[in-house]
Amino acid sequence: MIDNRTQSVRNEKARPHFETSETKDAYEVRVYMPGVGKDGISISHEGDELAIGGTRKNLIPASWRAFSRESRDCDYELKLALNVRIDESKIAAKTENGVLRLTLPKASESKPRQISIE
Amino acid sequence: MKLIRYTYPTMNPARDFGNLLGDFEGFFPRFEDFWREPAAVPADLYEDDANVYARFELPGYKKDEIKLELDDSVLTVGVERKAEKDGDEEVRLSRSVSLPDNVAADKTAAKYEDGVLTVTIPKAAEKTAKLIAIE
């Protein structure tokens with residue numbers, strides 16, 4: 001049981017703050033993960049789940065002693081359940097200054113279709 | 001009289017309380033998730049033998065939108081973003097931390113990387129008491 005507990009502390013993940021928006025052709029997700037660079041990001045899409053992982057790069061050196069802390073050292077994990085159809089092959093991702101910007105293009109069948117009356 | 005240096009609390013009381021509830025995790029919502037919301041700019045303070053370090057989590061800004069000010073051992077970080085186009089949000093944030101007294105403010109250096117601002121302030125040379133010989 002003790003083993004279980006230590007494990008859970010070490011594997012603790014923070015859920016990052018995120019925002020979503022929608023344009024005509026795509027959904028956009030912005031994930032705020034300070035301390036995570038381009039190399040620390042993993043994105044996977046399976047079924048209806050979009051999983052985003054972020055590993056911190058600039059950890060605090062062992063020689064630093066903390067006076068006061070408000071941030072956390074743990075890595076980030078965000079799992080989003082998608083209730084919209086997206087075009088998986090065209091997912092685009094860009095990261096800048098600790099913010100990951102994901103563009104999820106709408107699948108063609110989920111775009112509104114114009115039906116002409118003959 | 002002996003002077004004891006004040007040690008800043010290194011633990012977040014909300015987190016401790018959260019740990020207390022750890023056994024019931026999944027049943028209760030995490031307490032710290034409510035608690036942490038108001039701190040817009042999380043700030044950390046560290047030291048080693050040579051320097052004092054302040055770190056701020058500021059994801060998503062450009063270097064020139066961040067301003068640093070050090071006034072009488074109070075370090076203030078300000079963020080200002082003007083709305084350039086419609087729909088942009090105007091941002092104005094500021095956060096101050098008090099530094100220990102023995103710092104050499106004029107040698108402060110700062111670095112912004114992956115949304116984390118790290119400020120390095122060297123410690124000033126300790127003033128050693130001068131022994132005066134009695135003639």
**Under 4.5 Å from a heavy atom of chain B, the part of A:R56 involved** = side chain
**Message:** Between B:R92 and B:S94, do the side chains contain a donor N or O and an acceptor N or O under 3.5 Å apart?
**Reply:** no
**Message:** Looking only at side-chain N and O atoms, does A:T23 offer a donor or acceptor that is under 3.5 Å from a partner on A:D25?
**Reply:** no
Less than 3.5 Å apart, which donor and acceptor atoms pair up between the side chains of residues 29-54 of chain A and the rest of the protein, not counting sequence neighbours?
from  : atom 1 : to    : atom 2 : distance (Å)
A:R30 : NE     : A:E19 : OE1    : 3.4
A:R30 : NH1    : A:E28 : OE1    : 3.0
A:R30 : NH2    : A:E19 : OE1    : 2.8
A:Y32 : OH     : A:E19 : OE1    : 3.3
A:H45 : ND1    : A:E88 : OE2    : 3.1
A:H45 : NE2    : A:G47 : O      : 3.3

Using non-hydrogen atoms only, which part of [X] is less than 4.5 Å away from chain A: side chain, backbone, both, or neither?
X	result
B:F56	neither
B:V52	side chain
B:D49	both

**Message:** Does anything in residues 62-72 of chain B form a side-chain hydrogen bond (donor to acceptor under 3.5 Å, both in side chains)? List the pairs, not counting sequence neighbours.
**Reply:** B:E65-B:R81
**Complete:** Ranking A:E96, A:R15, A:K57 by heavy-atom pairs under 4.5 Å to chain B gives rank one to A:K57
**Asked** Is it true that B:R95 and B:E57 make a salt bridge, defined as a side-chain N closer than 4.0 Å to a carboxylate O?
**Response** no
